[in-house]
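Side-chain atoms are counted along with the backbone in the values below, which use heavy atoms only and exclude waters and symmetry mates. Predicted model, so just to flag it, every value in this text is computed and none were measured.
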Amino acid sequence: MHALDAARRLLDRERVAERVRAARAAEEAVEAKARELAAAERRIGWWDRAVFFHDTPDEAAADALREELAALGATAAEARRARDEAVEACAEGAPAIGVVYRAEAAIGRLLSMSAVGRVAGSGDQEAAVFDRVGEQVFATWLPDVDLAAVAASLYRRDLAIPTAPPAALSTDARLVYAPIGAAELEARAAHHLVARGLLAEARQQEARAVDRVAPLRAELAELEAAVGIWDRVVPGDSFREMAVDEAQQRLETLERGAVSAAERGQLAVVQALTSAYPPLWVGLACLAVGAALRAVHTLEQPALQADGTLGARPAAQGRAVALACAAGLRRALDGAFDGLSERIAPRAAQPDEAASAQRGPYRAAQRPDADPKPAARGATAEGRRFFASLDEAALRDELGWAVVHATALGLIERTRAEADAEVSWVDRAIFWSDSDAEAEVGALSERIELQRELVRLRGYRALRRIADDAGQDPFLRVGRAIERAHLALGAVHTEAGRSSSPRSCPAHGKGEARAAIDAALTELCTSFGAARDGQRMIEDVCRQLTRGATRSPPTEPPPAGTDYASLVARFAHALRGTSFADDVARLNAALPALQSARASATSADAQVRLIDRINIFTDSPAERARDHSQALAAQHQADLERLRPAVRARWRAAIATHPPTLAAEVAMDVARAIGAVRGVSVRRSRSRGKNRRREVYYVCQLRGLAEAKGLLQTWTAQVVGAFGRFPSTGDLLEQWTADALR
């Protein structure tokens, strides 16, 4: 269109894209400097603040950062002013530019403010912004159109009347599209409504439900008439009253079905309206985002924290639906005003998937982020495969229907606001009866609640689809197994109560916790190349170290492969130049020597005669042999106690170069600690009665549970530090929906 070409030339002349990028860069610089200042202020102690007549170096640095922040703030304010002036100058000649700019700015804020849409009420302010943009669209392109009346007329339309194909839309040199009237809008929407056939199908379902409701109502009336006074007086329900209750439940079910069919018809009308006139699609899409943000329902999901505990994180199903609606708004903007969005708000480049994939599925450094963020879509090959599987699943359909319900919700909310404005103060004062206007507002309120529940339901179903598909990703399987281990170990318990005699005290729930640890361990071994048999790997590493001593070992570590031979070579290189192989050899020799010395000491002690034991002044040969064997056993025991920690520490340091192997080895320690949890019967006593008679009783206690929980927490922190934060299903859903907006 010539009007769009003129708008693009206007944007280029005012250098809007350049000014938008400059303002964005200035705001990012302000945010970075604010974070730097906050870190500097955290280093200032309370005593430094109290001594106001002297500034420490940290205080001087904070003052300098405040000055820099003020200067950057002034620069950002100037950049925003230049940007806004350029956009407003363009919007005077082309109102579409103002609409696109405000909508894109609202979408950008929605993406940057991660809390919006996660908690109920967090997005009310942003929802009002989208509502204002939608109202600007309606006032500019549909100034005299009563959308509620058009939608009602379309819903009651006789579908047997044929509709002519719509003519081309009229253009406008300034508005791109000429404002449309109610008659033309209804005619164009009617054509789409008839062509799709959605309303006809919904009407058939509604008619079938209504046909089943009428006889059931008559049956219910007969059943209620059969209930006598005696049935109502006698406590309890008679068979007649139970029949009435059953009929009422069936009637309510059928009535809900009729209402659902009617709402499907209303959805068909909304879809037809969005197809009839591109600016109307933009306006309704704005209302959909606002309605989705207001429909957010709180929900929490388990989440592994950086300190190894299992916490809770707000699920992002509400935010995901809002982002899906925002993606629909951007499609509406592109469809109505092609090319303006990209010129006004250039979108951020996608992350370099190839560079990020080289890191592998885990981090090289075991250092958890201070504020870990979920990885971008496609950060690893596994992530790309997982998101591709989501694309193939029905998740897109779920969110697509959520957008449709949110669009209908936004239109109904707008209609209710208009209807509520028609209620006079006299109608409100007569509280004992409702006027027609008040009845209409009440009916619209019921429809709003229904559509909100449907929006939430689609969000929950999208979460369920994510959870079902997440089982095919090994990284996510590890995280879910660890979450199950925390939950299962927290549920381990023994018998409650007390008894007068010692009792049996089993530890219930240990099996579930062990099974979860075993699942995580199996995944680490099968998908990430970890070795379950650590003793065999130590022996192979020692053999390679011994062979390497006779020839020059490699100066560079081998590549971090996940096959067994590559891991052995990598660990051997990490242990090169240490006494690890010699220590392992001495450790392996010390254990049988200890066993032999203990056996010799036992045998020699059996040869000591009674008279030799009584004679404390001299030692017999048998006693000297026994003492010698015991001294050897003590020496071997000391060697074991000295060598085991050293070998263990060096081995852990070596396998730390491959975090899955380290995680697998610690997981076996966790499994052993869980297996060691046991219930014991503990004797207790207390004084009772006037004469303070002592009463003895027995209770069950768990031993080793605190140690197992502590080890599980330490292991979880280690795994999270190596692999990064495990995203919840809500995080994955948000990433998947936000991909279309970044």
Side-chain angles (χ1 to χ4, degrees), residues 298-316 361-363 366-375 463-464 466-468 470-471 473-494 506-528 530 532 659-679 701-733:
T298 57
L299 179 69
E300 288 189 341
Q301 292 182 308
L304 297 174
Q305 308 297 326
D307 62 354
T309 59
L310 182 65
R313 189 160 55 242
Y362 54 86
R363 298 180 189 166
Q366 299 182 58
R367 185 178 62 256
D369 293 339
D371 183 20
K373 300 292 190 301
L463 279 181
R464 173 53 57 191
I466 288 278
D468 293 341
D473 184 79
F475 171 70
L476 298 176
R477 285 199 295 267
V478 172
R480 299 300 179 266
I482 297 176
E483 289 176 7
R484 290 196 302 272
H486 276 272
L487 294 173
L489 193 58
V492 171
H493 63 283
T494 186
H508 300 290
K510 281 199 325 181
E512 290 79 0
R514 282 289 300 271
I517 296 296
D518 289 341
L521 179 59
T522 301
E523 203 59 53
L524 289 169
C525 295
T526 57
S527 299
F528 296 98
R532 186 185 287 267
T661 297
L662 179 60
E665 178 152 326
V666 181
M668 288 186 277
D669 294 341
V670 177
R672 285 190 287 269
I674 294 175
V677 175
R678 69 189 191 281
Q701 285 186 351
L702 287 175
R703 299 285 174 82
L705 182 60
E707 292 78 1
K709 288 182 176 180
L711 191 55
L712 176 60
Q713 179 178 346
T714 302
W715 175 62
T716 303
Q718 183 185 78
V719 173
V720 173
F723 283 80
R725 194 189 77 179
F726 289 93
S728 65
T729 54
D731 295 331
L732 293 170
L733 182 60

Show the numbers, then the answer: is there a side chain to side chain contact (heavy atoms under 4.5 Å, CB included) between Arg313 and Asp731?
CA-CA 10 Å; Arg313 189 160 55 242; Asp731 295 331; 2.8 Å; yes
Backbone N or O of Asp307 within a donor-acceptor pair of the Gln713 side chain at under 3.5 Å?
yes
Specify the closest pair of heavy atoms between Gln718 and Leu662, including all atoms of both residues, with the distance to one decimal.
NE2-CD2, 3.6 Å
Donor-acceptor under 3.5 Å (Gln301 side chain, Pro314 main chain):
no
Got Leu489 and Leu705 here, is their nearest side-chain heavy-atom distance under 4.5 Å?
yes
Taking side chain as C-beta onward, heavy atoms only, is Leu299 less than 4.5 Å from Leu463?
yes
Mark yes when over 12 heavy atoms from residues, nucleotides or ligands other than Arg703 sit less than 6.0 Å from its CZ; otherwise mark no.
no
Close side-chain approach of Phe723 to Pro660, heavy-atom, < 4.5 Å
yes
To the nearest 0.5 Å, how far apart are CG in Leu476 and CD in Glu523?
10.0 Å
Steps toward side chain to side chain contact (heavy atoms under 4.5 Å, CB included) verdict (Glu483, Arg480):
CA-CA 5 Å; Glu483 289 176 7; Arg480 299 300 179 266; 3.8 Å; yes
Specify the closest pair of heavy atoms between Ala663 and Val719, including all atoms of both residues, with the distance to one decimal.
CB-CG2, 3.9 Å
Under 3.5 Å side-chain donor-acceptor pair for Gln305 and Thr309:
no
For Arg514 and Ile674, which heavy atoms make the closest approach, and how far apart are they?
CG-CG2, 3.7 Å
Spacing of Thr716 atom OG1 and Leu711 atom CG [to the nearest 0.5 Å]
9.0 Å
Please report the closest heavy-atom contact between Leu310 and Pro302, naming both atoms and the distance.
CD1-CB, 4.0 Å
Side chain to side chain, Ile482 and Trp715, heavy atoms closer than 4.5 Å
yes
Is a side-chain N or O of Lys510 found less than 3.5 angstrom from the main chain of Val677, in a donor-acceptor match?
yes
Please test Leu304 against His486 for side chain to side chain contact (heavy atoms under 4.5 Å, CB included), starting from the C-alpha separation and ending with a verdict.
CA-CA 9 Å; Leu304 297 174; His486 276 272; 3.9 Å; yes
Which atom pair, heavy atoms only, marks the closest approach of Leu702 to Ala507?
CD2-CB, 3.8 Å
Please report the C-alpha distance between Val720 and Phe726 in whole Å, then the side-chain angles of each, then the deciding distance to 0.1 Å, and finally whether the side chain to side chain contact (heavy atoms under 4.5 Å, CB included) criterion is met.
CA-CA 7 Å; Val720 173; Phe726 289 93; 4.2 Å; yes
What's the shortest heavy-atom distance between Leu524 and Ala664, and which atoms?
CD1-N, 3.9 Å
Crowded around Arg672 CZ? As in, over 12 foreign heavy atoms under 6.0 Å?
yes
Distance only, no hydrogens: is a donor on one side chain within 3.5 Å (strictly under) of an acceptor on the other, for Thr494 and His508?
no
